[in-house]
2 protein chains.
Amino acid sequence: MNDVFEALAHPVRREILKLLRKRSMSAGELAEHFTIAKPTLSGHFAVLKKADLVTTERQGTTIIYQLNMSVMEEALAAFMQLAGMKGKER
Amino acid sequence: MNDVFEALAHPVRREILKLLRKRSMSAGELAEHFTIAKPTLSGHFAVLKKADLVTTERQGTTIIYQLNMSVMEEALAAFMQLAGMKGKER
DNA sequence: TTCCTAAATAACAAAATTATGAACGACGTG
DNA sequence: CACGTCGTTCATAATTTTGTTATTTAGGAA
């Protein structure tokens, strides 16, 4: 869960998640939404993948990124617990 | 909101929030729960304060930290929005 | 195979984060 | 005032993160 909170710390990565919320996209498509260099974005992808917030699927030469909703939900639950809104007391 | 997500990225800061969820505490009381040096913890306090996740109140020589629930709720709402669970579409 | 494209990896620089001990400021007491 | 306590700020070091360009890998087409 630590990886997830770290992944959420960067605005570009949150934007990536927001984009993937609408639909799955290739790395190239995602890159069109940012002005940063491809390898930089690739690094952000790696952080999101390490946190298991996204999964990948290769289609020929392109790689499709998709949001991992179950982990997003787990993260939300963890946050609610931290905030004391819901879930376990401690 | 960026400051909030950054503040949540470090496990010590999340633990501080969890402790403050039970009750407000002085910096010294909080320090008893960690093995790290005081100045380090003071730095974490500053990050939480910058994110407005905590507020402070001086009582003599001690400084009481208290959780800012309204910002926690705002952060939770932002997260739900990011996850597409609730709230605005974009 | 050769060429082209998509994306990741390598190598590196710059900046931010995390951490510490020492010094400092604010407060209450004698 | 002098002293002790509480907590922060200062100065600094080590590590991590973020970013770049150059190179490499992987796959499809000619």
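All values derive from a computational prediction rather than experimental measurement. Chain letters run A, B, ... following the sequence lines, proteins first, then strands; residues in each count from 1.
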Please tabulate, one pair per line, all N/O donor-acceptor pairs under 3.5 Å involving side-chain atoms of residues 54-62 of chain A, not counting sequence neighbours.
| residue | atom | partner | partner atom | Å |
| --- | --- | --- | --- | --- |
| A:Arg58 | NH1 | A:Gly60 | O | 3.1 |
| A:Thr62 | OG1 | A:Gln59 | O | 3.2 |

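For A:Met25 and C:dA6, the CE to C1' distance is 17 Å, given to the nearest whole Å. Protein atom NZ of B:Lys49 is 12 Å distant from nucleotide atom P of D:dG7, rounded to whole Å. Atom CD1 of A:Ile64 is separated from atom C1' of C:dA7 by 12 Å (rounded to the nearest Å). We find that CD of B:Glu15 is positioned 16 Å from P of C:dT18, with the value rounded to whole Å. What separates CG of A:Leu48 from C1' of C:dA8 is a distance of 15 Å, to the nearest Å. The CD-C1' distance, from B:Glu57 to D:dG7, rounds to 16 Å in whole Å. The distance from atom CZ of B:Arg13 to atom C1' of C:dA16 is 12 Å, rounded to the nearest whole Å. When the C1' atom of C:dT18 is taken as reference, atom CG of A:Asn2 falls 14 Å away, rounded to whole Å.
Aromatic ring orientation, A:Phe5 versus A:Phe79: perpendicular (interplanar angle above 60°, classes split at 30° and 60°).
For A:Ala9 and B:Ala46, each mapped to the nucleotide of DNA chain D holding its nearest heavy atom, the one lying further toward the 5' end belongs to B:Ala46.
By the 4.5 Å heavy-atom criterion applied to side chains, B:Met72 and B:Arg21 are not counted as neighbours. A heavy-atom distance below 4.5 Å is found between the side chains of A:Met25 and A:His33. Residues A:Val12 and A:Leu41 have side chains in contact (heavy-atom distance under 4.5 Å, counting atoms from C-beta outward).
Applying the side chain to side chain donor-acceptor pair (under 3.5 Å) criterion to B:Thr35, with sequence neighbours excluded, gives no partner residue.
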Item to complete: Take nucleotides 19-30 of chain D nucleotide by nucleotide from the 5' end and write B, S or -, depending on whether a protein heavy atom sits under 4.0 Å from the base, only from the sugar-phosphate, or from neither.
Response: SBBB----BS--
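Taking only side-chain atoms of A:Phe45, from C-beta outward, the nucleotide of D:dT18, C:dA8, D:dT8 with the closest atom is C:dA8.
The shortest distance between the side-chain N/O atoms of B:Tyr65 and the OP1/OP2 oxygens of D:dC6 is not below 4.0 Å.
Ion pairing between B:Arg23 and B:Glu29 holds under the 4.0 Å rule for side-chain N and carboxylate O.
Backbone-only contact: A:Thr62 has heavy atoms under 4.0 Å from sugar-phosphate atoms and none from a base.
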